[in-house]
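The analysis underlying the following values was restricted to heavy atoms, covering all of them including side chains, and did not include hydrogens, waters or symmetry mates.
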Amino acid sequence: MPASPLRLWLLTLFALAVSAGATWGLGLFWTAIGGGALPLHGWIAMGLGIIGTVGLAWGLMALAFKSNKEGWDDRVDNRLDPGRDEPDPY
């Protein structure tokens, strides 16, 4: 049964709130141990790193779901798999 759009929005907002709280807490910890302020180049690098990581994860998961849906995983040649129980035809 598909989730309702309201439930999806609430879960998304909850995830964002947890992420924001964790980021705020880590910022407090960083200043508590004597870390300095992050310069503009640091914010840009961190933003690009986060966007790149999320984009890569999204793309790889999309490819995994597409591969599973289209049956590409079923057409793999496993003749050289050392864990196979079938005898080698050679």
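Remark: Thr23 engages no residue in a side chain to side chain contact (heavy atoms under 4.5 Å, CB included) (not counting sequence neighbours).
In this structure, Trp9 CH2 and Leu13 CG are separated by 7.5 Å, a value rounded to the nearest 0.5 Å. The CH2 atom of Trp43 lies 13.5 Å from the CG atom of Leu48; values are rounded to the nearest 0.5 Å. From Leu6, atom CG reaches atom CG of Leu11 across 9.5 Å, with rounding to the nearest 0.5 Å. Note that CE of Met46 and CD1 of Ile51 are 11.0 Å apart. Values are rounded to the nearest 0.5 Å.
Side-chain atoms of Trp30 come within 3.5 Å of backbone atoms of Gly36 as a donor-acceptor pair (strictly under, hydrogens ignored).
The side-chain contact (heavy atoms from CB on, under 4.5 Å) test with Leu56 is passed by exactly one of Val54, Leu60, Thr53: Leu60.
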